[in-house]
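Report on the following structure.
In what follows, residues are counted from 1 in the order of the sequence shown.
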Amino acid sequence: MSKNIFFDLDGTLLNMDVKEFLRIYYEEIEKKAKKEGIENISEVVDSGIRAMYQNDGSVTNKKAFFDDQNTYHLEGFFIDFYLNEFLKTKEACSASLSIYNSLMNLKEKGYRLFLLTNPIFPQIATYERIRWAGLYPGLFEHITTYENSHFTKPNKEYFLEVINKFSLNKEEILMVGNDALEDLVIEELGIKAFIRTDT
C-alpha cells in the first residue's frame, strides 16, 4: 500500500506552459541584469543549471550552481529576482481546484505527501510556485529545493536521498509526475509511478 506519495510540481500539480514560462523567465532576468550592469546572465544561469545536473552529491545544488563560475557575488541579485521579477512567470501557470481537493483528501486520510520538484530553484521560487498551484507548503512533509538537495532528476540518487532521509519503505511509495524521463526513472528503484498526461 502506498502510504507516501511523491508529487512533481510543474506540469503535475501546477499547470504550466513551459515554453512561455521560460520565455518570461529569461526575458525578465536579462532585463534586470542589463539594468544592473550584469553581463551574460543567461549564460550564467544555463551553466549553473548544467552544474546542478552534473552534481555528484558532494555539495548542495545551490553550491554547485554558484561554484560553477564563482558567482557568489550575484546571490543577492538572484534573491531579489526571485522575490520580484520572477513573479511575472505566473502568467504561464494556472491552478486546478480538483488537484487541491485531491491533495486535501489524501492529507485527511493520513497519507504523507512529499513534493519532489526538480531542485534547480531556490526555496523562495519553489514555495511561490506551490502557491500558484493553489496549495501551500505546509501540505508537504518535505519539499526539494536547490538548498536541500544534492542531485537532480532523472538521477536515481535524487529520489534515494529523500527515501533515505525519511527511512521510507519503497513498497509504500507512489510517484505522481508528468515527465516520462524525469519521473518514471523511479520505477528502476522498484517504486510505482503514475504519469499525468492531460497537461
Side-chain angles (χ1 to χ4, degrees), residues 1-18 20-22 24-25 28-29 49 52 60-62 65 75-76 78-153 158-159 161-169 172-179 182-183 186 191-199:
M1 179 180 174
S2 301
K3 300 178 180 178
N4 312 290
I5 307 181
F6 290 177
F7 286 99
D8 174 55
L9 179 57
D10 304 324
T12 302
L13 299 182
L14 175 66
N15 298 322
M16 175 184 287
D17 182 330
V18 176
E20 181 65 5
F21 177 90
L22 291 174
I24 298 171
Y25 179 97
E28 291 301 322
I29 202 167
I49 290 174
M52 289 190 283
T60 63
N61 286 344
K62 176 183 178 179
F65 181 90
E75 186 171 357
F78 279 104
I79 291 173
D80 189 69
F81 169 73
Y82 284 114
L83 288 172
N84 295 285
E85 290 86 355
F86 175 76
L87 304 184
K88 294 183 181 179
T89 62
K90 184 180 180 181
E91 297 172 14
C93 307
S94 63
S96 167
L97 180 59
S98 62
I99 288 175
Y100 171 81
N101 289 335
S102 295
L103 263 67
M104 292 302 294
N105 187 43
L106 289 169
K107 190 77 171 176
E108 290 171 3
K109 289 184 176 180
Y111 287 90
R112 299 171 73 186
L113 311 182
F114 297 79
L115 191 71
L116 269 67
T117 180
N118 213 1
I120 59 174
F121 287 100
Q123 177 179 300
I124 51 177
T126 303
Y127 281 21
E128 194 62 46
R129 296 192 334 277
I130 291 170
R131 287 187 282 267
W132 295 348
L135 307 171
Y136 57 95
L139 266 175
F140 304 97
E141 189 156 338
H142 181 68
I143 299 168
T144 55
T145 67
Y146 82 179
E147 292 97 340
N148 65 19
S149 302
H150 297 74
F151 304 95
T152 59
K153 298 178 185 180
Y158 163 73
F159 298 101
E161 182 170 21
V162 177
I163 292 168
N164 293 334
K165 179 181 177 67
F166 291 91
S167 302
L168 303 178
N169 184 336
E172 298 177 342
I173 300 171
L174 173 67
M175 175 74 213
V176 180
N178 75 307
D179 190 298
E182 293 190 347
D183 298 318
I186 199 171
I191 295 170
K192 296 179 181 179
F194 173 82
I195 294 295
R196 179 185 176 189
T197 59
D198 60 341
T199 54

>> Going by the rule side-chain contact (heavy atoms from CB on, under 4.5 Å), which residues pair with Ile120 if we only count those two or more places apart in sequence or in a different chain?
In response: Met52, Tyr53, Thr152
>> Suppose we screen for side-chain contact (heavy atoms from CB on, under 4.5 Å). Which residues come up paired with Leu87, at least two apart in sequence or across chains?
In response: Glu128, Trp132
>> Restricting to salt bridge (Lys or Arg N to Asp or Glu O under 4.0 Å), what partner residues turn up for Asp80, sequence neighbours left out?
In response: Lys32
> With sequence neighbours left out, which residue pairs that include part of residues 98-121 fulfil the salt bridge (charged side-chain N to carboxylate O under 4.0 Å, His left out) condition?
Replying inline: Arg112-Glu141
> Residues in side chain to side chain donor-acceptor pair (under 3.5 Å) with Thr126, at least two apart?
Replying inline: none
> Of all residues at least two apart in sequence or in a different chain, which pass the side-chain contact (heavy atoms from CB on, under 4.5 Å) check with Glu28?
Replying inline: Ile24, Lys31, Phe81, Glu85, Lys88
>> To the nearest 0.5 Å, what is the distance between CZ on Phe78 and CZ on Phe65?
In response: 4.0 Å
> For Asn178, does its backbone N or O pair with a side-chain atom of Thr12 as donor and acceptor, under 3.5 Å?
Replying inline: yes
>> Strictly by salt bridge (charged side-chain N to carboxylate O under 4.0 Å, His left out), give each pair with a member in residues 3-16 just once, sequence neighbours left out.
In response: Lys3-Glu172, Asp8-Lys153, Asp10-Arg129
> CD1 of Ile173 to CZ of Phe166: how many Å apart, nearest 0.5 Å?
Replying inline: 11.0 Å
> Closest heavy-atom contact between Ala193 and Ile186?
Replying inline: CB-CG2, 4.0 Å
> Taking only residues two or more places apart in sequence, or in another chain, which ones meet Tyr146 in a side chain to side chain donor-acceptor pair (under 3.5 Å)?
Replying inline: none
> Which atom pair, heavy atoms only, marks the closest approach of Cys93 to Met16?
Replying inline: SG-CE, 3.8 Å
> Which value, rounded to the nearest 0.5 Å, describes the distance between Leu116 atom CG and Tyr158 atom OH?
Replying inline: 3.5 Å
>> Donor-acceptor pair, distance only, cut-off 3.5 Å: does the side chain of Glu147 make one with the backbone of Gln123?
In response: yes
Determine all donor-acceptor pairs shorter than 3.5 Å in which one atom belongs to a side chain in residues 97-106; sequence neighbours excluded.
from, atom 1, to, atom 2, distance (Å)
Ser98, OG, Ser96, OG, 2.8
Asn101, ND2, Leu97, O, 3.4
Ser102, OG, Ser98, O, 2.9

> Just wondering, are more than 12 heavy atoms of other shown residues or ligands nearer than 6.0 Å to CZ in Phe194?
Replying inline: no
>> Could you measure the distance from the CG atom of Asn4 to the CG atom of Leu113? Nearest 0.5 Å is fine.
In response: 9.0 Å
>> I'd like to know if the side chain of Asn61 and the backbone of Phe151 have a donor-acceptor N/O pair within less than 3.5 Å.
In response: yes
> Using the ring of each side chain (for Trp, its six-membered ring), is Phe121 parallel, tilted or perpendicular to Phe86, with breaks at 30° and 60°?
Replying inline: tilted
>> If the condition is side-chain contact (heavy atoms from CB on, under 4.5 Å), which residues does Thr60 pass it with, not counting sequence neighbours?
In response: Lys62, Lys63, His150
> Would you say Ile191 and Ile163 make side-chain contact, with heavy atoms under 4.5 Å?
Replying inline: yes
>> Tell me which pairs pass salt bridge (charged side-chain N to carboxylate O under 4.0 Å, His left out) where either residue lies in residues 92-105, with sequence neighbours left out.
In response: none
> Hey, does Phe7 have a side-chain heavy atom less than 4.5 Å from the side chain of Leu139?
Replying inline: no
> With sequence neighbours excluded, what pairs up with Tyr127 under the side chain to side chain donor-acceptor pair (under 3.5 Å) test?
Replying inline: none
>> Distance check, rounded to the nearest 0.5 Å: Asp17 atom CG versus Leu22 atom CG?
In response: 9.5 Å
>> Looking at Thr117, is its backbone amide N or carbonyl O close enough to the side chain of Thr144 to form a donor-acceptor pair, meaning the two atoms are under 3.5 Å apart?
In response: yes
> Taking side chain as C-beta onward, heavy atoms only, is Leu13 less than 4.5 Å from Phe140?
Replying inline: yes
> Roughly how far, to the nearest 0.5 Å, is the CD atom of Glu20 from the OH atom of Tyr25?
Replying inline: 15.5 Å
